[in-house]
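Before any comments, here is the structure.
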Amino acid sequence: MTRFSQSFIPTLKDAPGDAEALSHKLMVRAGLIRQVGAGLWSYLPAGWRVERKVEGIIREEMEAIGAQEMLMPVLQPSEAWEKTGRHSIDELFKLEDRKGTSMVLAMTNEECVTQHVAREVRSYRDLPLMLFQIQTKERDEPRPRAGVLRTREFTMKDAYSFDRDEEGLARSYELQTGAYERIFDRCGLRWYRVESDVGMMGGSAAHEYMAPCPGGENEVALATGYAANLEIASAVAQPVELPAALEAVEKVSTPGLATIEEVSNHLDLPAAALIKALPVLVEGRGMAIVLIRGDHRLNEIKLRNALGADFRQARPEEIETEIGPVGFIGPVGAKVPVIKDAAIIGDSFVAGGNEPDIHLRGVRPGRDFQFEEMDVRTVEAGDTTPGGGTIEIEPAIEVGNIFKLGTRYSEPLGATFLDDSGTERAIVMGSYGIGPARISAAAIEQGADECGIVWPRSIAPWQVHLVSLAKAGEDARAAADSLYDELQDAGVEVLYDERDAGPGEKLTDAELLGCPLRIVVGRRGLAEGVVEASERSSGSEHKLPVEKAAVRAQALLQRGDG
RNA sequence: CGGGGAGUGGCGCAGUCUGGUAGCGCACUCGGCUGGGGGCCGAGCGGUCGCAGGUUCAAAUCCUGUCUCCCCGACCA
């Protein structure tokens with residue numbers, strides 16, 4: 001029962017001036033959402049319908065793999081978060097109740113759900129177990145942005161698997177993977193499953209589900225048979241032609257030339273023929289130099305993972321005292337450990353000479369300096385995969401992620417069971433998240449055209465957008481009224497625009513709102529005995545005989561996408 | 001946290017440099033016309049110019065402080 005004139009669907013001709021992302025503009029313009037504060041949004045009735053559609057699909061697919069829905073509080077005591085070491089995360093909202101008890105607002109629910117399971121599960125007979133909820137999450141984001149894409153409060157489906165061992169976890173992970181594929185397919189998204197960093201969740205393996213679209217804030221490296229988040233992507237670099245090898249390194253005078261660009265111009269060599277030396281301070285180990293090919297960029301996440309330790313860039317004064325003049329740092333003769341990126345291949349590079357205004361040429365790794373090799377550079381478009389594919393890089397929205405947590409949470413929280421030999425063991429866990437709001441935003445970004453949103457049928461707020469061009473009292477209006485009733489009786493979700501407004505306004509709003517099928521009832525069509533249906537996604541138009549309109553409309557919907 | 005931008009009626013904006021009693025378009029209300037792509041005519045309603053303090057005869061405008069929002073980066077399940 002949705003009559004536009006009585007509904008709270010405040011559409012806008014102009015997007016707010018501060019909106020950038022397409023999904024942000026369209027969601028506001030179509031009257032789906034309104035802002036409350038930075039990263040805080042209300043869902044208006046039409047937007048909420050979409051959100052619930054997405055949640056419904058997620059719920060069905062979770063239940064189909066045997067996951068059981070439950071609900072945990074957003075507000076939780078800090079204690080468990082202290083036990084798992086996650087209380088120190090900056091994004092975690094912390095507060096105190098009136099008694100001074102330290103509380104947090106949950107950003108995910110590993111602590112809470114693991115405690116429940118720890119208290120109740122004793123035996124291997126109680127496992128495996130899969131639980132999920134669709135609940136508000138809170139994160140003190142350093143920088144909320146792009147409408148609903150990165151917010152401080154949002155709804156997330158979070159699921160957790162509990163298994164006896166790694167094999168069990170692998171099975172649960174597979175089940176979730178299958179469910180995720182069905183969910184994103186059913187929501188009409190184009191998506192990739194990519195390998196990802198485990199990040200603050202901890203754990204042994206992780207994948208992300210990425211929906212490619214212009215507004216995406218992640219970057220995905222793609223090639224035939226390969227897909228990875230750029231944060232961890234690995235590939236073979238494009239080769240570089242180096243100058244002829246030398247018997248020994250030679251000093252070159254490079255007065256005042258401290259950047260790759262300056263040196264490469266001065267020596268008339270490509271940047272890739274130079275070695276960039278990045279002094280870092282590794283936690284617990286001290287100063288080291290990381291070597292990257294001149295045209296490459298360091299990937300801090302890969303370095304952190306390769307080191308197995310945190311690090312930071314060394315400060316100029318630290319570099320001066322431990323290595324040499326900033327801008328002329330190199331591996332040859334350096335008195336600190338050297339980490340060489342795997343893409344530095346060859347025997348005649350230019351590198352800093354560790355003395356003012358001096359670079360070295362003919363530098364050959366292994367002969368002129370010792371090193372430890374690691375893959376720590378950021379992959380670039382045009383690189384190749386071991387399988388021979390060429391890497392492309394695309395922006396994407398992360399719509400879901402899955403983690404093999406192992407015993408990261410069960411150990412500190414004492415979630416154990418007795419196995420069939422009577423031995424106490426830690427439960428092996430996985431965690432699986434999906435952001436419904438990101439699904440709808442991604443669907444908008446992927447499908448929209450210049451007129452507005454084009455919803456996949458499965459998550460459209462209504463199936464039919466019925467427009468009456470006539471005023472109350474006219475024959476054409478009576479025909480629209482009865483078509484509305486017929487469609488409703490047939491169980492079709494229909495938004496009926498019977499506002500006393502101009503035709504342009506109503507048709508434009510219908511396109512903005514993006515429901516799959518628009519049906520226009522007006523005098524012109526009625527004179528021929530028809531109403532006009534148009535499919536939002538293809539734009540194709542159909543004249544439907546008035547008396548069969550409801551049935552024919554349903555047939556068109558069946559035939560359409562989703 | 002670093003850099004940049006912006007707060008003036010519901011929305012989009014001008015006015016700020018050069019101080020002088022706040023304006024435009026859309027929306028909204030009323031009346032009329034119109035009725036297949038945001039139409040036309042007329043009459044209206046609506047604003048502590050983010051907030052606080054200061055300078056001045058006088059502050060949207062100048063000064064100081066502060067809050068909020070947006071963008072880029074850092075960060076980010």
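Note: hydrogens, waters and symmetry copies are ignored here, and every other heavy atom, side chains too, is used. In what follows, chains are A, B, ... by sequence order, proteins preceding strands, each numbered from 1.
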Watson-Crick/G-U partner (both atom distances under 3.5 Å) of [N]:
| N | result |
| --- | --- |
| B:G42 | B:C30 |
| B:G2 | B:C72 |
| B:G9 | none |
| B:C49 | none |
| B:U21 | none |

[atom1]-based separation of [M] from [N] [nearest Å]:
| N | M | atom1 | answer |
| --- | --- | --- | --- |
| B:C13 | B:G54 | C1' | 30 Å |
| B:U29 | B:G5 | C1' | 36 Å |
| B:G50 | B:G9 | C1' | 15 Å |
| B:G32 | B:U68 | P | 50 Å |
| B:C69 | B:C62 | P | 24 Å |
| B:A27 | B:G42 | P | 15 Å |
| B:C24 | B:C67 | P | 35 Å |
| B:A43 | B:G53 | P | 41 Å |

NA contact type, [X], heavy-atom cut-off 4.0 Å: base, sugar-phosphate, or nothing?
| X | result |
| --- | --- |
| A:Ala527 | nothing |
| A:Phe154 | base |
| A:Gly522 | base |
| A:Glu300 | sugar-phosphate |
| A:Glu398 | nothing |
| A:Ala470 | nothing |
| A:Gly525 | base |
| A:Arg477 | nothing |
| A:Asp509 | base |
| A:Arg518 | base |
| A:Leu469 | base |

Over-ring placement of A:Arg499 relative to A:Phe4, 6.0 Å and 45° cut-offs: yes
Nearest-neighbour nucleotide for the [X] side chain, [options] considered:
| X | options | value |
| --- | --- | --- |
| A:Arg523 | B:G35, B:G37, B:A77 | B:G35 |
| A:Thr508 | B:G38, B:G36, B:C71 | B:G38 |
| A:Glu532 | B:C26, B:C69, B:G36 | B:G36 |
| A:Glu20 | B:G38, B:A77, B:C71 | B:C71 |

Partners passing salt bridge (Lys or Arg N to Asp or Glu O under 4.0 Å) against A:Asp140 (at least two apart in sequence or in another chain): none
Among A:Gln176, A:Glu69, A:Met130, side-chain contact (heavy atoms from CB on, under 4.5 Å) partner for A:Met62: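 Among the candidates, only A:Gln176 passes.
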Residue among A:Ile292, A:Ile301, A:Asn299, A:Leu278 satisfying side-chain contact (heavy atoms from CB on, under 4.5 Å) with A:Val376: A:Ile292
Candidate list A:Glu111, A:Glu91, A:Glu79, test salt bridge (charged side-chain N to carboxylate O under 4.0 Å, His left out), partner A:Arg86, passing option: A:Glu111
A:Arg145 vs B:C70: side-chain N/O to OP1/OP2 distance below 4.0 Å: no
5'-most by nearest nucleotide on RNA chain B - A:Gly502 or A:Lys137: A:Gly502
Residue closer to the 5' end of RNA chain B, A:Pro144 versus A:Asn218 (nearest nucleotide):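 Counting from the 5' end, the first nearest nucleotide belongs to A:Pro144.
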I'd like a list of close polar pairs between nucleotides 28-34 of chain B and the protein, N/O only, cut-off under 3.5 Å.
none

Ring centroid separation A:Tyr209 to A:Phe184 under 6.0 Å: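 They qualify: ring centres under 6.0 Å apart.
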Flag, side chain of A:Arg34 to backbone of A:Ser42, donor-acceptor distance under 3.5 Å: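 A pair under 3.5 Å: no.
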Backbone of A:Gln135 reached by a side-chain donor or acceptor of A:Lys137 within 3.5 Å: yes
Donor-acceptor pair present, A:Arg143 side chain and B:C76 base, under 3.5 Å: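 A donor-acceptor contact between them is absent.
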Between A:Thr84 and A:Arg408, a side-chain donor and acceptor under 3.5 Å: no
Reported CZ-to-CD distance for the pair A:Arg3 and A:Glu498, which is rounded to 0.5 angstrom: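 Answer for the CZ-CD pair, A:Arg3 versus A:Glu498, is 5.5 Å.
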